[in-house]
Visitor: 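My questions all concern the structure below.
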Amino acid sequence: LVAHLVWDQRVASSNLAAPTIKIMKRIGLYPGTFDPITLGHIDIIKRAASIVDHLYIGTPLANKKKTIFSSSERVSLIKKVVETFPENIKKKIHVVSFPGLTTNYCKKISANIIFRGLRVASDFEYEFQLAGMNNKLNKNLETVFLMAEIENQIISSNFVKEIAALKGDLVQFVPNIVIKALKTKFK
């Protein structure tokens with residue numbers, strides 16, 4: 001935990017001046033469309049949760065991407081997946097949808113870290129630009145890039161949806177709860 005010394009004016013005026021320690025919690029946001037949540041996302045969530053005290057997994061309400069799951073369906077799926085996590089990870093996680101800019105939502109929840117997952121080198125250019133823009137909008141934010149395990153780096157939600165639409169096997173890419181939801185969408 002990050003500790004800051006705080007000078008209490010009441011104590012200072014009483015000649016008993018002693019600094020107090022205020023513990024600052026590390027709060028992170030892992031934003032994404034999660035349409036659907038994949039094993040790669042889950043890998044990043046678990047890694048991010050090991051770094052912060054509270055991790056918000058947030059899906060934006062306004063989204064330029066065409067999604068097959070509504071915002072509330074995506075939040076519900078993510079919550080169901082998180083319920084399968086060990087208690088020490090699960091208790092740190094808050095699943096939300098949020099309006100507006102990611103940086104504004106970070107201010108609202110007092111997050112100072114944005115987590116982004118990287119799959120392949122080509123992701124980096126876009127993510128680097130996004131991190132720069134986020135920093136311009138909110139100087140208190142740091143972006144942390146995390147890479148999924150090698151077996152999860154090739155997984156993308158778009159490929160998962162395409163495989164689901166063609167009735168392919170999804171076991172290597174998403175949890176069972178997501179497979180069931182995808183089968184319902186692609187009947």
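Only a predicted model underlies this, so the values are computations on that prediction, with no experimental measurement involved.
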Visitor: Find the distance between CD1 (Ile78) and CZ (Phe69) and round it off to the nearest 0.5 Å.
Guide: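 Atom-to-atom, Ile78:CD1 and Phe69:CZ are 11.0 Å apart.
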Visitor: Of the non-hydrogen atoms in Leu101 and Leu137, which two are nearest, and what is the gap between them?
Guide: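 Looks like CD1-CD1, 4.4 Å.
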Visitor: Please report the shortest heavy-atom distance between Leu55 and Ala48, naming the atom on each side.
Guide: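 Answer, listing the atom of Leu55 first, then Ala48: CD2-CB, 3.8 Å.
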Visitor: Are Val96 and Phe34 linked, directly or through other ILVMFWY residues, by side chains that come within less than 4.5 angstrom of each other?
Guide: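 Each belongs to a different hydrophobic cluster.
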Visitor: Does the Arg74 side chain pair with the main chain of Thr33, one donor and one acceptor, at a distance under 3.5 Å?
Guide: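 Between the backbone of Thr33 and the side chain of Arg74 there is a qualifying donor-acceptor contact (under 3.5 Å).
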Visitor: Could you check Ile37 against Val178 for side-chain contact (heavy atoms from CB on, under 4.5 Å), going step by step and ending with a plain yes or no?
Guide: CA-CA 7 Å; Ile37 187 168; Val178 176; 3.7 Å; yes
Visitor: For Glu142, is the CD atom crowded, meaning more than 12 foreign heavy atoms sit under 6.0 Å from it?
Guide: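 Open.
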Visitor: Please say yes or no: joined through hydrophobic side-chain contacts below 4.5 Å, possibly via intermediate residues, are Val82 and Ile89 part of one cluster?
Guide: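 They do share one cluster, since a chain of ILVMFWY contacts under 4.5 Å joins Val82 to Ile89.
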Visitor: Got a sec, which pairs hit side-chain hydrogen bond (donor to acceptor under 3.5 Å, both in side chains) with one end in residues 99-108, sequence neighbours left out?
Guide: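 Of all non-adjacent pairs touching residues 99-108, none passes side-chain hydrogen bond (donor to acceptor under 3.5 Å, both in side chains).
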Visitor: What are the two closest non-hydrogen atoms of Ile42 and Pro175, and how far apart are they?
Guide: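 In this case the closest contact between Ile42 and Pro175 is CD1-CG, 3.5 Å.
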Visitor: Find the distance between CG (Leu77) and NZ (Lys80) and round it off to the nearest 0.5 Å.
Guide: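 Result: 6.0 Å between the selected atoms.
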Visitor: Check for a donor-acceptor pair, side chain of Asn152 on one end and backbone N or O of Ala148 on the other, with a separation under 3.5 Å.
Guide: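 Flag not set: sc Asn152 to bb Ala148 has no pair under 3.5 Å.
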Visitor: With rounding to the nearest 0.5 angstrom, report the CZ to CE distance, Arg116 to Met147.
Guide: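 One gets 14.5 Å once the value is rounded to the nearest 0.5 Å.
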Visitor: Without swapping roles, check the side chain of Lys167 against the backbone of Phe186 for a donor-acceptor pair under 3.5 Å.
Guide: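 Yes, the answer is positive, given that a donor and an acceptor are paired below the 3.5 Å cut-off.
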Visitor: Look at Lys185 together with Glu73 and state whether they make a salt bridge at an N to O cut-off of under 4.0 Å.
Guide: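 Glu73 and Lys185: salt-bridged.
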Visitor: Could you measure the distance from the CD atom of Gln129 to the CZ atom of Phe124? Nearest 0.5 Å is fine.
Guide: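 Here the interatomic distance stands at 10.0 Å.
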Visitor: Taking a hydrophobic cluster as the set of Ile, Leu, Val, Met, Phe, Trp and Tyr residues connected by side-chain heavy atoms closer than 4.5 Å, whether directly or through intermediates, do Val160 and Ile177 fall within one such cluster?
Guide: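 Same cluster: Val160 reaches Ile177 through Ile, Leu, Val, Met, Phe, Trp or Tyr contacts under 4.5 Å.
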Visitor: With the 4.5 Å side-chain cut-off for hydrophobic clustering, are Val52 and Ile93 part of the same group?
Guide: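 Same cluster: Val52 reaches Ile93 through Ile, Leu, Val, Met, Phe, Trp or Tyr contacts under 4.5 Å.
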Visitor: Yes or no on side-chain contact (heavy atoms from CB on, under 4.5 Å) for Ile57 and His94, after CA distance, side-chain angles and deciding distance?
Guide: CA-CA 6 Å; Ile57 304 167; His94 314 274; over 6 Å; no
Visitor: Take atom NZ of Lys65 as the centre, draw a 6.0 Å sphere, and report whether it contains more than 12 heavy atoms from other residues, nucleotides or ligands.
Guide: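 No, because the 6.0 Å sphere around NZ of Lys65 holds 12 heavy atoms or fewer from other groups.
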Visitor: Does a side-chain N-to-carboxylate-O contact under 4.0 Å join Lys90 and Glu87?
Guide: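 The answer is yes: the pair qualifies as a salt bridge.
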Visitor: If I compare all heavy atoms of Gly40 with all of Ile155, which pair ends up nearest, and what's the gap?
Guide: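 For Gly40 and Ile155, the tightest heavy-atom pair comes out as N-CD1, 4.2 Å.
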Visitor: At what distance, to the nearest 0.5 angstrom, does CZ of Phe115 lie from CD1 of Ile45?
Guide: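 CD1 of Ile45 is found 11.5 Å from CZ of Phe115.
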Visitor: Would you check, one step at a time, whether the test side-chain contact (heavy atoms from CB on, under 4.5 Å) holds for Ile179 with Val171?
Guide: CA-CA 8 Å; Ile179 291 172; Val171 165; 4.1 Å; yes
Visitor: Is it true that the NZ or CZ of Lys46 lies under 6.0 Å from the centre of Phe85's six-membered ring and within 45 degrees of the ring axis?
Guide: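 That pair qualifies as a cation-pi contact.
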Visitor: Among Thr38, Ile163, Leu182, Leu39, which residue meets the side-chain contact (heavy atoms from CB on, under 4.5 Å) test with Phe173?
Guide: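 Exactly one candidate clears the test, Ile163.
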Visitor: Could you give me the CA-CA distance, side-chain angles and deciding distance for Lys66 and Asp35, then say whether salt bridge (charged side-chain N to carboxylate O under 4.0 Å, His left out) is met?
Guide: CA-CA 9 Å; Lys66 182 173 173 19; Asp35 187 50; over 6 Å; no
Visitor: For atom CG of Leu166, is the number of surrounding heavy atoms from other residues, nucleotides or ligands below 6.0 Å larger than 12?
Guide: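 Correct, the count exceeds 12.
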Visitor: Measuring from atom NZ of Lys25 to atom CG of Asn112, what distance do you get when rounded to the nearest 0.5 angstrom?
Guide: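 Atom-to-atom, Lys25:NZ and Asn112:CG are 13.0 Å apart.
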Visitor: Measure from the side-chain N and O atoms of Asp43 to the backbone N and O of Glu149, and report whether any donor-acceptor pair falls under 3.5 Å.
Guide: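 Confirmed, Asp43 side chain pairs with Glu149 backbone.
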Visitor: Has the side chain of Arg26 got a donor or acceptor atom that lies under 3.5 Å from a matching backbone atom of Ile51?
Guide: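 Indeed, once roles are kept as given, a pair shorter than 3.5 Å links the two residues.
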Visitor: Kindly say whether Ser70 contributes a backbone atom to a donor-acceptor pair with the side chain of Thr67 at under 3.5 angstrom?
Guide: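 No, the answer is negative, given that no donor and acceptor are paired below the 3.5 Å cut-off.
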Visitor: Under 4.5 Å between side-chain heavy atoms, hopping through other hydrophobics if needed: is there a path connecting Val75 to Val81?
Guide: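 Same cluster.
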Visitor: Could you tell me which non-hydrogen atom of Leu29 sits nearest to which non-hydrogen atom of Cys106, and how far apart they are?
Guide: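 Looks like CD2-SG, 3.7 Å.
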Visitor: Might you point out which heavy atoms bring Ser157 and Pro36 nearest each other, and give the distance in Å?
Guide: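 It is OG-O, 2.8 Å.
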Visitor: Using side-chain contact (heavy atoms from CB on, under 4.5 Å), reason through Leu61 and Phe98 one step at a time and then give a plain yes or no.
Guide: CA-CA 6 Å; Leu61 289 170; Phe98 62 92; 5.9 Å; no
